[in-house]
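What follows is one structure encoded as structure tokens, with my remarks underneath.
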Protein chains: 2
Amino acid sequence: MKKIGLKEIAAHVGVSTALVSYVLNGQAEEKQVGKEVAEKIRKAAEQLDYRPNQLAKSLKTRRSNTIGLIVADINYRFSSGITRAVEAEAKKRNYTVIFGSSNESSEKLQELINVLINHQVDGLIVVPVENSEPSILSLQRSDIPFVLIDRHFPNVLTSNVMLDNFKAAYDSTEHLIRQGHEKIAFVNYSAQLFNLQERTRGYLAALSDHGIKHHPGWSLEVRSTHTEADMRKAIPHLTAINKCDAIFFATDRLAIAGLKEIVQLKILVPEDISVFSFDESEAFELFSCPISHARQPLEKMGKIAVSILHDLINKPKVINQTYLETELVIAKSCRE
Amino acid sequence: MKKIGLKEIAAHVGVSTALVSYVLNGQAEEKQVGKEVAEKIRKAAEQLDYRPNQLAKSLKTRRSNTIGLIVADINYRFSSGITRAVEAEAKKRNYTVIFGSSNESSEKLQELINVLINHQVDGLIVVPVENSEPSILSLQRSDIPFVLIDRHFPNVLTSNVMLDNFKAAYDSTEHLIRQGHEKIAFVNYSAQLFNLQERTRGYLAALSDHGIKHHPGWSLEVRSTHTEADMRKAIPHLTAINKCDAIFFATDRLAIAGLKEIVQLKILVPEDISVFSFDESEAFELFSCPISHARQPLEKMGKIAVSILHDLINKPKVINQTYLETELVIAKSCRE
DNA sequence: AAATTTGCTTTAAACGTTTAAAGTGATAAA
DNA sequence: TTTATCACTTTAAACGTTTAAAGCAAATTT
């Protein structure tokens, strides 16, 4: 069964490919194609089950109607949420998504960027990973439109849609303070990622603004590579030694690891200690009490990212940096 | 800054595009390209930062080196696991993945298939959804290689990589029986999906093979659209009324919903009742005790799917149906 | 000296589209 | 009758590659 192209339809109807192209692209009116001819062409296309070759189309029009999406790890709840939103919004705007997962490796990220560029994506949505600054810089030099999502580099000017991590952490901490907590601990990863650092900054600012002197023993960093082991030391350090009355975890993965340890030590939430998490996790669903957390608007982030990218693709390039607020989901894990 | 193509390199070096193409595709030897010329070409490509246009390449070679992946919902842990594996294996074999999520809608699935075919994917990996049989049948008629994953239609002959759902459910049930449980409940979705029905069949067969008479009150179906409400009735029905000593949930989502209700009712696991789940969930991590479950080999499934597809793309088409076994992860949620 | 081989390079068509430009025959205006 | 306009259609080049075939000069064999 031969592939059906414009040529086959043209032959079938007895006209040139140009006419077929016009009709099938909705330019029948504009190009004044004869009414019956147009009808015949449409019918033939239908009947022969014509499938336009998007590659040829893209090659000619220099538009692939394709955007690349690179997430840090598709297994993160954050990533799948973003992916879903991006895909939906992209589809609405008639883009197809080419997907890649860097698995937090900057080399893999660079490779993916190359592959996607070779595939002539019209634009790129990227969640950058640690040490990927050079890749982003080189992206910037090529003239592919792109927008960063969730993470960015403070000294590289890019379009991005971000959480206001500082504010989210600030508000969350403030919430804990208002609830009457006095010794609020903060657990973060020992990573250089800007948005994680912003969370630390927000935490410290809230304490300071409320006249609470930060005790160095209250905030800890654990390694992402040895989370479990580090957490095993961290929790007793914060509870038994520093007598903290609340722990604010900088990510959901940290909260899970921390809660496991807390359960292990038979510490009760919220009776013995309050717990607050940045981001939610499916894991919270079955914890003994619902966990208060700052919720990221994934749907919105994905949607906005596509929207910004779309503008970038079509209009004179203007840097667009959108900061979104988180919603605080207050649950029983924080004692009043 | 003009786009660099073969032509630009050719002009820069002072040769024809043919030579450039040969060299850059590793056919320098074969085509007996002069050594210094080859070197000059490579250098120029490097220096001008040449990016081959994959679209043009594909158009000419009739190979896009692209495969389409359509999952049912990227937010499922199952989907993201498969996606990660597929992407990794695809990359190894030099394919790029174009991604789509049908969100359990058969119309969306059909649309996605069309888009991907128009993008000239070399093949397709699909997790079909309910009522998508017509789409799969039409896929079969076109001659795009494809493999189904996780789900399939028993009366449509396709290549697929599947779990042996019957065996997995059988083995799981048998495990519960061996542990001494006598009244084993089974909770499934009221869906027509073949693999879910296979799980029910496996459960029933195990009971029967061990001389246990199945009591109709032991197995229940809840609606995916009203899981919570249905589950609220289901759990008391199984515990208080039918005095079951174990509940086997047919999916992880069901297990989560069930466990929530169980916690609500202050029923203790495993003291009051044993719980077994098909598939695991991040949510189990923070439950009061680890949940026994049948684990799906996601990595393997994704990898094999790509491997089968790759064969399908390159060799005379042979139907390949691979059934994988699950691993039983035995934990404390089942009383001995 | 002519013919063949060798080593390297170019030519040109093709993949399936799009689209500006040119072509055509009929009708209307001059 | 000539010319212009109209309504429709075709021609052909182009997008960036690949690749069979042909070309060509120097070296080697007859």
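All values derive from a computational prediction rather than experimental measurement. By convention in this document, chain letters (A, B, ...) are assigned in the order of the sequence lines, proteins followed by strands, and residues within each chain are numbered from 1. Values below: all heavy atoms of this structure, side chains included; hydrogens, waters and symmetry mates excluded.
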(Q) Counting only side-chain nitrogens and oxygens, does Arg62(A) get under 4.0 Å of the OP1 or OP2 atom of dA14(D)? (A) no
Q) Whole Å only: how far is the NZ atom of Lys31(B) from the C1' atom of dT6(C)? A) 16 Å
(Q) OP1 or OP2 of dT17(D) versus the side-chain N and O atoms of Tyr22(B): is any pair under 4.0 Å? (A) no
Q: Starting from the 5' end of DNA chain D, give me the residue, Ala18(B) or Leu59(B), whose nearest nucleotide shows up first.
A: Leu59(B)
Q.
At less than 4.0 Å, is any side-chain N or O atom of Ser21(A) found next to OP1 or OP2 of dT18(C)? Yes or no.
A. yes
Q. Do any side-chain nitrogens or oxygens of Asn53(A) fall under 4.0 Å of OP1 or OP2 in dC15(C)?
A. no
Q: Look at atom NZ of Lys40(A) and say whether more than 12 heavy atoms of other residues, nucleotides or ligands are closer to it than 6.0 Å.
A: no
Q. Does a donor on one side chain and an acceptor on the other come within less than 3.5 Å for Asn320(A) and Ser159(A)?
A. no
Q: Would you mind classifying the nucleic acid contact of Arg51(A) as base, sugar-phosphate or nothing, using non-hydrogen atoms under 4.0 angstrom?
A: sugar-phosphate
Q.
What is the separation between atom NZ on Lys7(B) and atom P on dT18(D), rounded to the nearest whole Å?
A. 14 Å
(Q) Can you tell me if Ser16(B) touches the phosphate of dT11(C), counting only side-chain N or O atoms and a distance under 4.0 Å to OP1 or OP2? (A) no
Q. Whole Å only: how far is the CD atom of Gln27(A) from the C1' atom of dT9(D)?
A. 15 Å
Q: Rounded to the nearest angstrom, tell me the gap between atom CG in Leu19(A) and atom P in dT24(C).
A: 16 Å
Q: Quick one: pull up CD1 in Ile304(B) and CG in Leu309(B) and give me the separation to the nearest 0.5 Å.
A: 13.5 Å
Q) Is it the case that Ser64(A) and Gln120(A) place a side-chain donor and acceptor less than 3.5 Å from each other? A) no
**Q.** Separation of atom CD in Glu8(A) from atom P in dC15(C), rounded to whole Å
**A.** 10 Å
Q: Whole angstrom is fine here: how far is it from NZ in Lys60(A) over to C1' in dA12(D)?
A: 10 Å
Q) What is the distance, rounded to the nearest whole Å, between atom CG of Leu6(B) and atom P of dT10(C)? A) 13 Å
Q: If the plane angle is over 60° it's perpendicular, under 30° parallel, otherwise tilted; pick one for Phe99(B) and Phe99(A).
A: tilted
Q) Quick one: Glu36(A) CD to dC8(D) P, roughly how many Å, whole number? A) 8 Å
